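As structure tokens, the structure follows; a few thoughts come after it.
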Amino acid sequence: MHNIDDVETEETLTCLRITVHHPLYEIKNVFQLISFNKKEKYVAEDPLKIGRDTKSCHVSLYDLRVSRVQFSIQAFRHFNSSKLFFEIKNLSKRGKLIVNNTELEHLNKVELPKKALVRFAEFQLLVEKEDGESTESFETLFELARTPLWQEILYAPSMSPVPETGLTNASSIPPHCSLQTPVEMEECELN
């Protein structure tokens, strides 16, 4: 029998909770190769690859519209930080990967925020990071969403102000309207 004083302290692992959605997931069975509601542990040094190829990807999606290796998620640490952070890189030559509102082309990468909506083809993945103590490994937990995930991000609290128009995309505002000074709706009607 072990003495509790001799047992090493167990570190908690950073967990990436990944909720997935595809509009035809029941018909096409695109998630048949994913183990849902089961934590899987990965070494932090190795990128987590997601794609169609069952041999080279850790997570496989059963859909011909998905690239052999669609994207990777790589753990890293900021200088003088003991926490794990993650970046996502588009590895598909055929398709774009959209992370929140950032469109990534082949080999583009971006740091994942605490909560991110990842989209490609007809797939939506909501990636949420739960911090842990270990810098050696992390875990994933996949869950299935029966409804589209864009609402999760759309209604999440935002740190940036939203203009009165409710439009956050500057390209949708007519050029004769200035974003620098407030205007009344009668002065600048939006079409």
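Treat the numbers as computed from the prediction; the structure is a model and nothing was measured. We're numbering straight along the sequence, starting at 1.
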Quick one: [atom1] on [X] to [atom2] on [Y], what's the gap to the nearest 0.5 Å?
X      : Y      : atom1 : atom2 : value
Asp46  : His58  : CG    : NE2   : 6.0 Å
Leu48  : Leu16  : CG    : CG    : 7.5 Å
Lys89  : Leu112 : NZ    : CG    : 13.5 Å
Lys55  : Arg68  : NZ    : CZ    : 11.0 Å
Arg17  : Glu139 : CZ    : CD    : 10.0 Å
Glu130 : Thr14  : CD    : OG1   : 9.5 Å

Is any side-chain heavy atom of [Y] closer than 4.5 Å to one of [X]?
X      : Y      : answer
Glu128 : Glu143 : no
Leu91  : Leu107 : yes
Tyr42  : Ile73  : no
Ile34  : Phe36  : yes

Taking all atoms of both residues into account, what is the closest heavy-atom pair of [X] and [Y], and its distance?
X      : Y      : answer
Ala116 : Asn100 : CA-OD1, 3.3 Å
Glu45  : Gln74  : O-NE2, 3.3 Å
Phe120 : Leu61  : CZ-CD1, 3.6 Å
Glu133 : Glu11  : OE1-CA, 3.5 Å
Ala75  : Leu84  : CB-CD2, 4.2 Å
Asn90  : Leu104 : ND2-O, 2.9 Å

So for atom [atom1], which belongs to [X], do other residues, nucleotides or ligands contribute more than 12 heavy atoms lying within a distance under 6.0 Å?
X      : atom1 : answer
Gln32  : CD    : yes
Glu136 : CD    : no
Lys129 : NZ    : yes
Lys114 : NZ    : yes
Tyr62  : OH    : no

Could you tell me whether a side-chain N or O of Glu87 sits under 3.5 Å from a main-chain N or O of Lys109, the two making a donor and an acceptor? no

Short question: side chain of Arg52, backbone of Val66 - any donor-acceptor pair under 3.5 Å? yes

Going hydrophobic residue to hydrophobic residue with side-chain gaps under 4.5 angstrom, can you get from [X] over to [Y]?
X      : Y      : value
Phe138 : Val127 : yes
Val110 : Phe86  : yes
Phe123 : Ile50  : yes
Leu97  : Ile18  : yes

In a check of side-chain contact (heavy atoms from CB on, under 4.5 Å) between Lys41 and each of Cys15, Ser137, Ser134, which one passes? Ser137

Out of the candidates Val20, Asp63, Leu144, only one should pair with Tyr25 under the side-chain contact (heavy atoms from CB on, under 4.5 Å) rule; please name it. Leu144

For Phe142 together with Phe31, are the ring centres under 6.0 Å from each other? no

